[in-house]
Amino acid sequence: MDAETWAAARQSPEFELLRTRLRNFVFPVSVGFLAWYLVYVLLADYAHGFMSIKLVGNINVGLVLGLLQFVSTFAITAWYVRYADTKLDPLADEIRERVEGGADK
């Protein structure tokens, strides 16, 4: 693929839509997750009494919130995969087909 083909694809409205869709998902979700993680870290550092509240047996609030960090990571991953499958991949496939089809000519 030559540079002109790539430049034309890069400046196409479809490519801009693809970038916009990706950014509209990645930035807010990243900010939300980082805020959630920051709250967890701050609670762990400054709210010892709250984090050590026992819920069931030896399971306390801190342990539950820590495990929820893993759960939220997997949930975000599943959410992104579903989003990419429906919103990003079809558009990326369309762009790739057009570029690769144009490169063969």
Side-chain angles (χ1 to χ4, degrees):
M1 176 183 328
D2 62 359
E4 290 175 10
T5 304
W6 170 246
R10 169 75 176 78
Q11 294 181 2
S12 70
E14 294 85 3
F15 190 84
E16 286 302 316
L17 177 61
L18 180 64
R19 287 183 54 167
T20 300
R21 285 182 181 177
L22 179 66
R23 288 177 180 162
N24 286 344
F25 182 88
V26 170
F27 290 139
V29 172
S30 296
V31 168
F33 180 78
L34 290 173
W36 155 233
Y37 181 71
L38 178 64
V39 166
Y40 173 73
V41 169
L42 292 173
L43 286 172
D45 196 32
Y46 297 109
H48 297 281
F50 172 72
M51 295 293 268
S52 64
I53 294 172
K54 292 198 184 261
L55 300 174
V56 177
N58 288 330
I59 299 174
N60 60 22
V61 172
L63 179 61
V64 171
L65 291 180
L67 291 174
L68 286 175
Q69 291 288 319
F70 290 102
V71 172
S72 64
T73 300
F74 289 118
I76 290 169
T77 301
W79 186 17
Y80 175 76
V81 168
R82 186 173 182 183
Y83 183 81
D85 285 346
T86 59
K87 302 285 186 184
L88 302 178
D89 292 347
L91 189 54
D93 290 342
E94 178 185 319
I95 295 167
R96 184 177 58 247
E97 287 174 12
R98 189 179 67 239
V99 169
E100 289 176 353
D104 291 341
K105 294 178 182 178

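Along the sequence shown, residues are numbered consecutively beginning with 1. Both backbone and side-chain heavy atoms feed into the values below; hydrogens, waters and symmetry mates do not.
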Undergrad: State, to 0.1 Å, how close A84 and P90 come at their nearest heavy-atom pair, and which atoms those are.
TA: O-CD, 4.0 Å
Undergrad: Which atoms form the tightest heavy-atom contact between R21 and K87, and what is the distance?
TA: NH1-O, 2.8 Å
Undergrad: Rounded at 0.5 Å granularity, tell me how far CG in L22 sits from CG in L17.
TA: 11.0 Å
Undergrad: Check the hydrophobic clustering (I, L, V, M, F, W, Y; side-chain heavy atoms under 4.5 Å; chains of links allowed) and say if M51 and L55 are grouped together.
TA: yes
Undergrad: Are any non-hydrogen side-chain atoms of W6 and V99 less than 4.5 angstrom apart?
TA: no
Undergrad: Give a yes or no answer on whether the side chain of Y80 reaches the backbone of F25 with a donor-acceptor pair at less than 3.5 Å.
TA: no
Undergrad: Which heavy atom of L91 sits nearest a heavy atom of E14, and at what distance?
TA: CD2-O, 3.5 Å
Undergrad: Could you go through the salt bridge (Lys or Arg N to Asp or Glu O under 4.0 Å) check for D85 and R82 one step at a time?
TA: CA-CA 5 Å; D85 285 346; R82 186 173 182 183; over 6 Å; no
Undergrad: Between CZ of R98 and OG1 of T5, what distance do you get to the nearest 0.5 Å?
TA: 11.0 Å
Undergrad: Quick one: OG1 on T20 to CZ on F15, what's the gap to the nearest 0.5 Å?
TA: 10.5 Å
Undergrad: Which pairs of donor and acceptor atoms, one on a side chain in residues 57-76, lie under 3.5 Å apart (sequence neighbours left out)?
TA:
residue	atom	partner	partner atom	Å
N60	OD1	G62	N	3.3
N60	OD1	L63	N	2.8
S72	OG	W36	NE1	3.0
S72	OG	L68	O	3.1
S72	OG	Q69	O	2.9
T73	OG1	Q69	O	2.9

Undergrad: Just say parallel, tilted or perpendicular for the rings of Y40 and Y37, cut-offs at 30° and 60°.
TA: tilted
